[in-house]
Amino acid sequence: TTRPALVTREVDVDLRVPTGSLLASVTLNEPRVTVAGPVDVVEALTSVTGTVDAPTGEVDPGRYTLPVRLALPEGVVAMQTPTATLQYVRQPLAP
């Protein structure tokens, strides 16, 4: 039997930043991620979209490092899980 070859490639993570009145900043800890998959699919990728499940309800001030969920095409996997650091403050920042 034969199987199609998988290839790897490093691509940018396009983070969709969560919103919140007490959320002061969001920092993507790794701006790129290595993905693996079929040659034709991976070669067409230049970036992948990432989202973070921000805490809900009352959040204590501080920094929270959370995993980034990647939207990957079928048959493509990430070789590592990127993280993002969300910084919350006590009072909303003035514009």
Side-chain angles (χ1 to χ4, degrees):
T1 61
T2 62
R3 292 185 183 175
L6 299 180
V7 296
T8 61
R9 179 177 187 179
E10 194 172 69
V11 297
D12 293 327
V13 176
D14 180 18
L15 182 64
R16 300 292 183 228
V17 177
T19 59
S21 62
L22 300 179
L23 182 59
S25 68
V26 177
T27 305
L28 187 60
N29 297 335
E30 291 295 328
R32 297 178 62 82
V33 65
T34 301
V35 296
V39 175
D40 57 335
V41 179
V42 171
E43 284 182 348
L45 284 178
T46 57
S47 67
V48 294
T49 300
T51 56
V52 175
D53 290 330
T56 58
E58 192 172 322
V59 179
D60 289 329
R63 289 186 172 91
Y64 297 81
T65 300
L66 303 168
V68 174
R69 186 174 343 112
L70 300 173
L72 299 168
E74 183 154 344
V76 176
V77 297
M79 302 304 289
Q80 68 269 11
T81 302
T83 59
T85 300
L86 285 62
Q87 181 175 359
Y88 286 87
V89 294
R90 189 166 306 283
Q91 297 295 322
L93 296 176

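Under the 4.5 Å side-chain heavy-atom criterion for ILVMFWY residues, no single connected hydrophobic cluster contains both Val41 and Val77. Val39 and Val35 fall within a single hydrophobic cluster, where Ile, Leu, Val, Met, Phe, Trp and Tyr are joined by side-chain heavy atoms under 4.5 Å apart, directly or via other members. Using a 4.5 Å cut-off between side-chain heavy atoms of Ile, Leu, Val, Met, Phe, Trp and Tyr, with links allowed through other members, Leu45 and Val33 fall into the same hydrophobic cluster. Hydrophobic clustering, with ILVMFWY side chains joined whenever heavy atoms are under 4.5 angstrom apart, keeps Leu6 apart from Leu70. Under the 4.5 Å side-chain heavy-atom criterion for ILVMFWY residues, a single connected hydrophobic cluster contains both Val11 and Val42.
Taking all atoms of both residues into account, the shortest heavy-atom contact from Glu10 to Arg32 is O-NH2, 2.8 Å. The heavy-atom pair separating Ala24 from Val89 by the smallest distance is CB-CG1, 3.6 Å. Minimum interatomic distance between Asp60 and Tyr88 (heavy atoms only, all atoms of both residues): O-CB, 4.0 Å. Of all non-hydrogen atoms in Ala54 and Pro18, the two that sit nearest each other are CB-CB, 3.9 Å. Leu72 approaches Ala78 most closely through the heavy-atom pair CD1-N, 3.6 Å. Here the shortest heavy-atom pairing between Pro82 and Glu30 reads CB-O, 4.3 Å.
For CD of Gln87, the number of neighbouring non-hydrogen atoms (other residues, nucleotides, ligands) closer than 6.0 Å is greater than 12.
Judged purely by distance below 3.5 Å, without hydrogens or angles, the side chains of Thr46 and Asp12 never pair a donor atom with an acceptor atom. Side-chain contact of Thr34 with Thr8: a donor-acceptor pair under 3.5 Å is absent, judged by distance alone. Counting only N and O atoms by type, the side chains of Thr83 and Asn29 include a donor and acceptor under 3.5 Å apart.
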Practice task
Walk me through it: do Thr27 and Thr85 pass the test side chain to side chain donor-acceptor pair (under 3.5 Å)?
Solution key: CA-CA 5 Å; Thr27 305; Thr85 300; over 6 Å; no
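Atom CZ of Arg69 and atom CG of Leu15 lie 11.5 Å apart (nearest 0.5 Å). Here Leu28 contributes atom CG and Asp14 contributes atom CG; the two are 9.5 Å apart, rounded to the nearest 0.5 Å.
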